[in-house]
Visitor: 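One structure, pasted below without further comment.
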Amino acid sequence: MGYAEVSVNSPIAQRRTFSYAIPPGLSIDVGQAVSVPFGDKLLQGIVLELSDYPAVEETREIAAVIEPYPLLSPAQISLARWLSEYYLSPLFDAVALMLPPGFERKALTFISPLPIPADFDLSSLTPEQKQFLQLVQKQDKINLKELEKTLGKKKVQTIVSQLVRQGLLARSYQLEPIKIRAKKELYLSLAVKAGEAQQEAARLREKRALKQAVLLDFLSRQSEPVPWTEARQKVNSNKAVVDALDSKGLVAVQQIEVRREPISYLGIKPSHPLTLTTAQKSAFESIKSSLLQMTKGQTRPPVFLLHGVTGSGKTEVYLQALAEAVRLGKRGIALVPEIALTPQTIERFASRFPHKVAVLHSKLSLGEQFDEWQRIRKGEFDVVIGPRSALFAPQPELGLIVIDEEHEWTYKQHDKSPRYHTRDAAIKLAELTGAVVILGSATPDVETFYHAQRGDYRLLQLPERVTPNEGSPLPQVEVIDLKDELKAGNRSLFSGALSQVVAKAVASGEQVLLFLNRRGAATFIQCRSCGFVLRCKRCEVALTYHSAEEVLVCHQCNYSIPSPQVCPRCLSRRIKFLGIGTQKLEQEAGYTFPQARLLRWDSDTTKQKYSHQEILSKFRAHEADILIGTQMIAKGLDLPLVTLVGVVSADTGLNLPDFRAGERTFQLLSQVAGRAGRGTLGGQVIIQTYSPEHYVIQAAAKQDYTSFYDKEITYRRQLHNPPFARLARLIYSHTNDTLCQREAEKMKRLLIEESEAKGIDDLSLIGPAPAFIHRLRGRFRWQLILRGSDPSTFLSQIPIPPGWTVDIDPIGLS
Ligand SMILES: [Zn+2]
Ligand SMILES: [Zn+2]
């Protein structure tokens with residue numbers, strides 16, 4: 001085959017590949033990294049396909065091969081193509097997810113002086129141009145970036161363009177230098193036989209060359225080469241001593257490749273599989289038989305949903321399923337939400353698969369990531385563990401993919417392209433490789449559970465908690481109606497019941513979590529007398545209060561009304577209650593519980609003072625009695641001294657302008673309730689709310705996923721929201737608000753025209769409206785929501801102008 005289709009690392013390339021001829025003598029494989037000429041640059045690219053004929057008439061040749069082996073497997077290439085097509089992202093962005101860490105290199109621009117033609121009139125140049133030319137002439141080649149840094153980007157670019165046009169300067173391009181390589185260390189060994197070395201050492205001793213004698217002696221007693229850093233410490237030597245022995249031909253110095261290993265196995269003892277409960281065993285057996293069937297060539301791998309309450313032992317099922325996959329000659333990938341990738345999680349896996357667990361995440365040095373990636377590719381690990389990006393590790397013989405806490409929103413990459421959801425990408429990869437997928441959660445994503453109900457996924461249930469004290473029940477949850485508190489004259493943030501139990505817990509040396517459903521102030525208004533919240537008639541989401549204009553706005557469809565002075569339901573004047581933030585909560589907790597030591601944990605405190613780990617270990621060490629925080633404290637913490645969780649206000653998150661607000665609140669409340677009573681002391685949860693009758697609060701209080709799901713799925717069906725339709729969110733951002741609105745309206749007209757022209761009648765457009773976060777980093781944002789059975793395919797056929805961001809299957813609309 002004489003031609004290659006290459007995905008090129010250039011923003012111009014977008015979703016397509018480019019044809020290149022393979023020069024004679026060069027052997028090229030699919031998945032290989034190459035450098036190719038692109039315009040007047042030389043860029044990196046990945047070969048996605050080989051063919052006998054090019055897709056265009058004129059092709060250029062591949063310039064060079066970057067790595068001798070393919071970086072992407074055929075399955076990964078198909079996955080990258082799918083990610084690019086479905087999420088409408090540039091193809092190379094999708095390919096880049098699977099490349100070795102530090103691989104991507106930008107093209108740098110250099111300029112060099114050319115000989116000045118004899119007939120050139122130098123006096124025709126401006127003083128500025130002349131000065132610049134003199135500066136460049138002092139060197140052969142200058143990095144343009146360096147010049148821009150000292151002289152200013154605009155100015156340099158203008159002058160360079162002028163001088164290039166006059167034939168006085170030339171531009172050239174080069175890839176930036178390689179960022180990381182395999183790490184090498186100096187090793188020492190004897191260059192002569194041990195006996196000879198010892199005689200030599202004795203002779204050196206006589207000559208009073210003691211340090212040389214000691215090192216030689218030491219090396220003559222080693223059976224393998226010794227790292228120089230180790231030898232230096234043990235015999236107190238230095239480099240001059242090594243050089244002296246080296247020059248006498250007694251010692252050999254070599255560079256040996258070493259491994260940067262992110263898991264320290266010191267203190268990790270191998271662990272054995274635990275005895276499974278009946279429910280765990282039955283779940284495990286189903287997975288086991290599917291793994292076996294896949295090795296026998298079944299074509300479509302199953303997706304399991306492991307639905308188990310907090311503490312029901314899902315991880316043990318993952319570990320045993322992974323061991324089973326390994327027994328069948330396969331390997332696994334286990335994904336956890338970023339915040340759950342703690343040393344404890346890694347330890348749990350590492351102790352079950354000693355030295356067979358790779359960790360990949362962004363906190364590792366680039367060198368560590370690079371080494372792990374290379375070793376994974378060589379098949380040295382049974383399991384790769386990491387956050388969403390670990391899905392793209394080059395794990396060979398993939399047989400099992402585990403996604404723990406599958407409902408977590410961090411599985412969606414929402415801030416950069418490709419805006420993929422890890423769950424969907426994992427299921428696609430599993431289809432391509434024949435791997436079994438396990439999705440695990442105590443509060444599954446509504447869409448996932450819907451698929452399990454329909455039989456698209458296979459549902460496995462773990463209904464009981466496996467706790468230290470046998471059969472310990474889930475914590476008691478009590479819902480407090482804040483309207484009653486107000487009627488009784490209590491205006492504080494704490495209901496009578498909550499302040500009583502907090503004081504009692506603190507007095508008995510136990511710990512308390514106080515939880516706000518959302519950081520900062522609420523944005524909706526609520527009637528404190530009857531709990532009423534104003535909602536959009538069309539979208540059902542809570543209207544957002546804009547205090548400056550005294551209006552309520554729907555951030556999905558732009559419906560707006562003046563803010564009412566009295567509650568439309570009960571005519572109370574207490575309609576403008578705006579909720580509370582963590583800071584205010586901390587203040588009031590200080591007054592109400594003067595004897596308690598407080599600790600606040602939200603993104604403000606963690607930004608300024610401590611890291612999450614620091615705050616957490618402080619609290620674990622019982623250096624505080626009450627921990628105050630937002631979402632973050634709900635997630636995966638194991639705090640044995642916590643016996644009480646107080647949800648100070650459950651309503652804030654419930655009234656975000658997003659159809660998933662209910663689902664998210666249910667997940668958070670369930671998780672936060674799961675924090676209580678992890679130890680032997682048992683637990684109690686108090687939820688304060690103005691809407692105690694709300695189905696989300698009711699279900700969370702009973703920790704009853706099914707009753708939540710049944711209501712939620714009914715609303716989703718009625719309003720035609722996912723999983724009954726798919727969404728695409730289009731955002732236009734610009735520093736000028738009016739321009740944003742205009743562009744958004746223009747886009748709406750274009751989309752309507754296109755859908756009419758194509759005869760698509762199941763698409764609906766919501767908006768345009770200012771985004772809930774209307775202004776972000778100085779830019780205004782307007783959004784359009786597209787709802788239908790397949791907005792991705794529809795949008796893929798429409799040229800999207802610059803300035804727009806398209807998010808397929810967005811996880812949040814606020
Ligand atoms: Zn009211
Ligand atoms: Zn609306």
Side-chain angles (χ1 to χ4, degrees), residues 480-491 522-546 549-579 649-652 654-664 688-694 697 715-722 724-725 727-732 740-741 744-745 747-748 751-752 763-774 781-788 791 810 812-814:
I480 302 287
D481 188 345
L482 289 173
K483 300 191 296 279
D484 295 343
E485 295 293 317
L486 197 68
K487 272 182 218 150
N490 176 10
R491 287 172 174 271
T523 51
F524 63 102
I525 63 172
Q526 184 167 36
C527 171
R528 275 189 99 172
S529 301
C530 77
F532 182 72
V533 174
L534 274 154
R535 294 179 174 274
C536 174
K537 289 196 175 66
R538 288 177 275 198
C539 311
E540 276 295 313
V541 300
L543 296 172
T544 301
Y545 177 59
H546 290 251
E549 303 93 7
E550 279 285 310
V551 288
L552 293 165
V553 179
C554 170
H555 277 282
Q556 288 191 10
C557 73
N558 214 15
Y559 167 79
S560 128
I561 50 164
S563 173
Q565 299 303 313
V566 293
C567 172
R569 189 159 75 181
C570 74
L571 303 179
S572 159
R573 295 201 153 266
R574 298 182 198 278
I575 178 81
K576 276 185 207 159
F577 174 61
L578 279 167
S649 161
D651 303 348
T652 332
L654 203 54
N655 293 301
L656 278 177
D658 189 330
F659 74 92
R660 287 195 182 95
E663 173 175 13
R664 210 174 187 192
Q688 301 193 139
T689 174
Y690 285 96
S691 328
E693 70 296 334
H694 196 288
I697 308 281
Y715 293 137
R716 298 279 180 100
R717 189 178 278 120
Q718 279 167 5
L719 293 166
H720 209 52
N721 274 326
F724 303 100
L727 302 180
R729 184 191 198 195
L730 288 83
I731 291 191
Y732 189 83
C740 278
Q741 180 172 7
E745 263 146 22
M747 176 61 93
K748 181 176 186 170
L751 294 179
I752 290 172
L763 273 176
S764 59
L765 271 161
I766 307 160
F772 178 64
I773 302 171
H774 185 193
R781 302 155 81 234
W782 277 68
Q783 72 177 17
L784 255 177
I785 295 161
L786 194 56
R787 186 163 57 192
L813 297 177
S814 64

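For ligands, and for the atoms within them, numbers begin at 1 and follow the listed sequence.
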Visitor: With side chains defined as the heavy atoms from C-beta onward, is the minimum distance between C557 and I785 less than 4.5 Å?
Guide: no

Visitor: Decide salt bridge (charged side-chain N to carboxylate O under 4.0 Å, His left out) for R660 and D658; before the verdict, give the C-alpha distance in whole Å, the side-chain angles of both, and the deciding distance to 0.1 Å.
Guide: CA-CA 5 Å; R660 287 195 182 95; D658 189 330; 5.1 Å; no

Visitor: From C554, does some N, O or S atom reach closer than 2.8 Å to the Zn ion (ligand 2)?
Guide: yes

Visitor: Give, rounded to 10 degrees, the angle between SG (C570) and SG (C530) as seen from the Zn ion (ligand 1).
Guide: 110°

Visitor: Quick one: are V551 and S563 in side-chain contact, heavy atoms under 4.5 Å?
Guide: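 They are not in contact (no side-chain heavy atoms under 4.5 Å apart), so the answer is no.
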
Visitor: Measure from the side-chain N and O atoms of Q783 to the backbone N and O of H555, and report whether any donor-acceptor pair falls under 3.5 Å.
Guide: yes

Visitor: SG (C557) to the Zn ion (ligand 2) to SG (C536): angle, nearest 10 degrees?
Guide: 110°

Visitor: State, to the nearest 10 degrees, the angle whose vertex is the Zn ion (ligand 1) and whose arms point to SG of C527 and SG of C567.
Guide: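 Output for this angle: 110°, rounded to tens.
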
